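Remember, it's a predicted structure, so these values are computed and weren't measured experimentally. Proteins get letters first, then strands, A, B, ... in listed order; numbering begins at 1 in each.
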Protein chains: 2
Amino acid sequence: MKTLKYSRQRESIKNCLMNRTDHPTADALYLSIREEFPNISLGTVYRNLKLLSELGEIARFSCGDGSEHFDYVTEPHYHFVCKTCGAIIDLPQSLVHKTEELMTGPAPGRVDSHTIFFYGECSECQQKIKIIC
Amino acid sequence: MKTLKYSRQRESIKNCLMNRTDHPTADALYLSIREEFPNISLGTVYRNLKLLSELGEIARFSCGDGSEHFDYVTEPHYHFVCKTCGAIIDLPQSLVHKTEELMTGPAPGRVDSHTIFFYGECSECQQKIKIIC
DNA sequence: ATGCCTGCAAATCCTTTGCATTCCT
DNA sequence: AGGAATGCAAAGGATTTGCAGGCAT
């Protein structure tokens, strides 16, 4: 079993992630945390995020925008990704159960988990006036 | 409208991708193509894959393993990812229609598309004897 | 005191880009 | 000829890692 020793930095990373619902990247988290710990290093943020996701305390996923995102919510759920502003929004968990029923079908092996990303435009962005270039 | 001038390299990239069902990365494709074009450069492969995916001739996705994968099949379909060997296997298109019905529900905006990744272990890997370290 | 954790910087991996040259049309 | 496309190498962004010193137990 892995031994984890307390560290203020890791504590603050967990807290920061817990208080956000925007699924930040390592760098976004780093920028927030620097307000409390001006000396924290990006490497420490990466190291702890990796550690915590390996322990299953947080979730990690990539939605295709080039960097990894992190989530304090580890229960299975889906995400909506706005192509315009990049927002990542949680979808209700009830969808997961319905989807699981669908794939009890023809999987080429044992399925342990699955993720869904929906891509579109969030309602906020839809309301903005579009400038045609 | 974008003008595309013929090039042997791009032709070979398309052909190579068409003949594979393993959803290669840019680098994997590069290694294959080098057998026919020993002088092709990795940059050219990346440039053409980017171009072709922007034109919608091929599909591009990331499944969380750190690099982008490419697919000659552009019709919507889902993927099964083996956690053990990394294989990426196509799932039947029929699932897509069923899933679309599920999310006509509570999306926080306009949904244009979606992707699903199933993670597990493919039947081949399941059959292999596991060595306990 | 021991060993995990940190900050820093260098290293690595993946992808894009600038430039001079070559290849299509 | 003129404009794309290429090869090469350098640059860029994201993430990991090596190391010496610091902190928790």
Seminar exercise, completed: Nearest heavy-atom contact between Val81(B) and Phe117(B) is CG2-CD2, 4.1 Å
For this session: Looking only at non-hydrogen atoms, find the nearest pair between Phe70(A) and Leu17(A) and report the distance.
Result: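 Heavy-atom minimum between the residues: O-CD1, 3.7 Å.
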Between N or O atoms, less than 3.5 Å apart, protein on one side and nucleotides 23-25 of chain D on the other: list the pairs.
unit_1  : atom_1 : unit_2  : atom_2 : d
dA24(D) : N3     : Lys5(A) : NZ     : 3.3

Would you mind reading off the distance between [X] atom [atom1] and [N] atom [atom2], rounded to a whole angstrom?
X: Glu54(B); N: dA5(D); atom1: CD; atom2: P; value: 12 Å
X: His69(A); N: dA14(D); atom1: NE2; atom2: C1'; value: 12 Å
X: Asp65(A); N: dG13(D); atom1: CG; atom2: P; value: 15 Å

Is it the case that the side chain of [X] and the backbone of [Y] share a donor-acceptor pair, with hydrogens and angles ignored and the cut-off at 3.5 Å?
X: Asp65(B); Y: Ser67(B); value: yes
X: His97(A); Y: Leu95(A); value: no
X: His23(A); Y: Thr21(A); value: yes

For this session: Quantify the bending of the helix from dA1(C)-dT25(D) to dT25(C)-dA1(D) as the angle between its end axes, each fitted on five pairs, to 10°.
Result: 30°
Exercise. Is any side-chain heavy atom of Arg60(A) closer than 4.5 Å to a side-chain heavy atom of Leu49(A)?
Worked result: no
For this session: Name all residues meeting the side chain to side chain contact (heavy atoms under 4.5 Å, CB included) criterion together with Lys14(B); count only those two or more places apart in sequence or in a different chain, and write none if there are none.
Result: Arg10(B), Leu52(B), Glu57(B), Tyr72(B)
For this session: Just jot down the salt bridge (Lys or Arg N to Asp or Glu O under 4.0 Å) partners of Arg20(A), sequence neighbours excluded, or say none.
Result: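 So Arg20(A) forms a salt bridge (Lys or Arg N to Asp or Glu O under 4.0 Å) with Asp22(A).
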Exercise. Is Glu121(B) paired with Lys83(B) through a side-chain N to carboxylate O contact shorter than 4.0 Å?
Worked result: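 Salt bridge absent between Lys83(B) and Glu121(B).
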For this session: Anything under 30° is parallel, anything over 60° is perpendicular, the rest tilted; go ahead and classify Phe61(B) against His69(B).
Result: parallel
For this session: Determine the sole option in Ile116(B), Leu91(B), Thr115(B), Asp90(B) for which the side-chain contact (heavy atoms from CB on, under 4.5 Å) test with His79(B) is passed.
Result: Asp90(B)
Exercise. Which distance, rounded to the nearest 0.5 Å, do you find between the CD1 of Ile88(A) and the OG1 of Thr25(A)?
Worked result: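 OG1 of Thr25(A) is found 9.0 Å from CD1 of Ile88(A).
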Exercise. What are the bounds, 5' to 3', of the part of DNA chain C that sits under 4.0 Å from heavy atoms of chain B?
Worked result: dC14(C) to dT25(C)
For this session: Could you check Thr99(A) against Tyr78(A) for side chain to side chain donor-acceptor pair (under 3.5 Å), going step by step and ending with a plain yes or no?
Result: CA-CA 11 Å; Thr99(A) 308; Tyr78(A) 303 144; 3.1 Å; yes
For this session: Check each residue of residues 28-53 of chain B for a non-hydrogen atom within less than 4.0 Å of any atom in DNA chain D, then write out the ones that pass by number, or none.
Result: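 Going residue by residue through residues 28-53 of chain B, the ones with a heavy atom under 4.0 Å of DNA chain D turn out to be Asn39(B), Ile40(B), Ser41(B), Thr44(B), Arg47(B), Asn48(B).
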